[in-house]
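Let me begin by presenting the structure, written as structure tokens, before commenting on it.
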Amino acid sequence: RRSPATSGSCSRSSEGGRPSGYGVIPTSGTDYSIPEVGITPYLRWGLLPISRRLAGMRTYLPRTVDDELARALRTSGAVVIKGPRACGKTETARRAAASEIGLDQDTAVMALSAADPRLLLDGATPRLLDEWQAVPGVWNAVRHAVDDRGARGQFILTGSATPEEDARRHSGAGRMRNLTMRTMTLSECGAPAAPASLGALLDGALEPSSGTAATVADYVSWMVRGGWPGRLDLEADDAAEAVASYVDEMSEHDYPLVGGPRRDPRRFRAFLAAYAGLVAQPASLAAVRRRMGEITGRRPADSLVSELHDFAARLFLVEDQPAWAARLRSRTPLIQTPKRHLADPSLALALLGAGASRLLNDPQTLGIVLESQAVHDLRVAAQAARMRGVFHLRDAKGRDEIDVVVEARDGRWAGFEVRLSHRAVDDAAAVLRDEELLRTILEGLVRFSKFRLDQLLQFLLCQNKSPLSIIIPYIIHHFD
């Protein structure tokens, strides 16, 4: 849906001043267009690193969520964009808004709005209400305005924190649509991507790629820098310092805002550091608690860890990867502990104190963080493709696992293994073909699902790599 760049700068089209290109240096014969749903943003690298290509530029790079926002405005009276601070919510919302007001500014208008939040709603629509949580009364005002006007696409609300539940605040169900926005994927940051989509993968129409010319050092630089729109022009080490400062600011300023002024920021930072040490691993909150004890020298109470997790989730700093089951109500013996992830892999690296050079010398940590990056990018693609979610699978004995499972709403799914080296591709493929793991999945599908037999057979025939020696006995046994 977006045209590739044809020059070294980002040109403006005649329709609403939107950019028609990406502001990148083209390579002859290379298509720099970002696919509608990119799942392989790692395939061919251009002539210059991202920071050099974006140096001196201040332009909007298209985001996958742009189309989702346009779609949401067509179907809802108001759209609430949620996501971590500095992930680009305001700039993305401005692209679709006709007027805006920042609610976290100390102005005379804001003083009046405390008495009557409806004053904030006057303006051309869609009207952007940035950092809406700063004026709690604006939520109900928007809800009533949507009801009164009876029109769609009236308001866009953006916020970097979810305020505490208030009995006086209506849920907004039926009037407001939530839209999650994450930091930028590698593709959105400018790394050229081969055309790829989750839909094509599930339909069996996705052609294999030819690999990537990017080096391990390229990936390290990208992950250390992170997907923060305002820092793409920085070198990796400078960006790492900025991310570390971001963590300090969130701990010392934003955390007390949601947790209360008497909260100790050091405990919150210790919690985030413990999370970083468990990134991309199935870990209970008890494991997070033990890791916090190792960091601080004093093991915290169970209730404190649960509270800190809630505060981190409300600030959109953590996003866990739930366990997957082969059916909606599974009894299969699979581990249900979620894998832990921070909002961006760069946060984990900043909390671990791992710069580019140190990460290059620690392949185990590098592989784990690469998996977290892949999960992050797949989440963006899965949301755009209206998938049910992004999960992981691991049996109770810990012998078999799939790093990432993306499931469509109709029950189709795709498994992904993440490996640091191309030399490990065959091993990763063997995991996805593992007979014992397939046996567990099929048992859940066949024994407990409500599929008709013909539907099940059609599903199984689509799995062209599944051994029929396993499939047929289960069909005979469970449909005797």
Side-chain angles (χ1 to χ4, degrees), residues 80 82-85 133-134 136 139 159-172 178 180 182 243-244 246-325 330 334-345 347-353 368 372 375-376 379 389-392 394 396 398:
V80 184
K82 301 179 177 181
R85 188 178 297 280
Q133 74 277 1
W139 180 272
S160 301
T162 301
E164 190 173 359
E165 291 297 330
D166 185 345
R168 295 171 297 178
R169 190 174 74 244
H170 191 276
S171 68
N178 290 324
T180 299
R182 300 173 177 86
V243 175
Y246 176 94
V247 173
D248 291 337
E249 181 67 16
M250 295 298 293
S251 301
E252 296 172 8
H253 179 263
D254 290 47
Y255 166 58
L257 287 179
V258 299
R262 300 182 65 179
R263 297 283 182 175
D264 186 353
R266 294 172 297 181
R267 288 184 174 180
F268 188 65
R269 185 183 175 88
F271 168 83
L272 293 177
Y275 231 78
L278 298 169
V279 70
Q281 301 174 56
S284 64
L285 289 181
V288 177
R289 177 172 174 258
R290 288 192 295 270
R291 184 61 66 94
M292 282 186 67
E294 296 170 0
I295 293 172
T296 63
R298 181 179 179 181
R299 185 169 293 187
D302 291 341
S303 58
L304 176 61
V305 175
S306 181
E307 288 178 3
L308 292 173
H309 182 271
D310 177 63
F311 293 140
R314 286 169 55 187
L315 290 169
F316 307 104
L317 291 176
V318 298
E319 186 174 8
D320 296 332
Q321 181 185 359
W324 180 72
S330 176
L334 302 176
I335 286 180
Q336 298 301 311
T337 305
K339 283 188 176 183
R340 306 296 178 177
H341 294 276
L342 290 159
D344 189 273
L347 293 175
L349 294 174
L351 286 159
L352 294 173
I368 291 172
S372 188
V375 170
H376 170 277
R379 277 177 169 148
V390 176
F391 310 92
H392 77 94
R394 190 182 186 96

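Keep in mind that the numbers below use all heavy atoms, side chains included, and drop hydrogens, waters and symmetry copies.
A donor-acceptor contact shorter than 3.5 Å is absent between the side chain of H376 and the backbone of L342.
In this structure, L317 and F311 have side chains that are not in contact, with every pair of non-hydrogen atoms separated by 4.5 Å or more. D320 has its side chain within reach of R340: a pair of non-hydrogen atoms, C-beta onward, lies under 4.5 Å apart. The closest side-chain heavy-atom distance from V305 to R299 is not below 4.5 Å. Side-chain contact check for E294 versus R291: some heavy-atom pair is nearer than 4.5 Å. Using a 4.5 Å heavy-atom threshold, the side chains of P84 and D344 count as separate. The shortest distance between side-chain heavy atoms of R267 and P300 does not fall below 4.5 Å. K339 is not listed as a side-chain neighbour of V375, based on a closest heavy-atom distance of 4.5 Å or more.
Residues T337 and A323 come closest through the heavy atom pair O-CB, 4.4 Å. Contact between V279 and S372 at its shortest, heavy atoms only, is CG2-OG, 3.7 Å. Looking at every heavy atom in both residues, S306 comes nearest to L285 through CA-CD1, 4.3 Å. Taking all atoms of both residues into account, the shortest heavy-atom contact from L272 to A312 is CD2-CB, 4.4 Å. Contact between L278 and A283 at its shortest, heavy atoms only, is CD1-CB, 3.9 Å. The shortest heavy-atom contact between S251 and P265 is O-CB, 3.2 Å.
A salt bridge between D248 and R269 is present, with a side-chain N of the basic residue lying under 4.0 Å from a carboxylate O of the acidic one. Checked for salt-bridge contact, R263 and E307 meet the test: a charged N lies under 4.0 Å from a carboxylate O. With salt bridges taken as basic N to acidic carboxylate O contacts below 4.0 Å, none links R85 and E249.
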Criterion side-chain contact (heavy atoms from CB on, under 4.5 Å) on M292 and L308, from CA distance to verdict | CA-CA 11 Å; M292 282 186 67; L308 292 173; 3.9 Å; yes
Go through the steps for V288 and H309 under the test side-chain contact (heavy atoms from CB on, under 4.5 Å), then give the verdict.
-> CA-CA 10 Å; V288 177; H309 182 271; over 6 Å; no
Give the C-alpha distance, both sets of side-chain angles, the deciding distance and a yes or no for side-chain contact (heavy atoms from CB on, under 4.5 Å) between L315 and F268.
-> CA-CA 12 Å; L315 290 169; F268 188 65; 4.0 Å; yes
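There is a side-chain donor-acceptor pair under 3.5 Å between H341 and Q321.
Interatomic distance, E252 CD to R266 CZ, rounded to the nearest 0.5 Å: 10.5 Å. Within the model, atoms OG1 of T180 and CD of E319 stand 7.0 Å from one another, a figure rounded to the nearest 0.5 Å. Atom CG of D254 is separated from atom CZ of F316 by 11.5 Å, given to the nearest 0.5 angstrom.
Ring planes of F271 and Y275: tilted class, angle from 30 to 60°.
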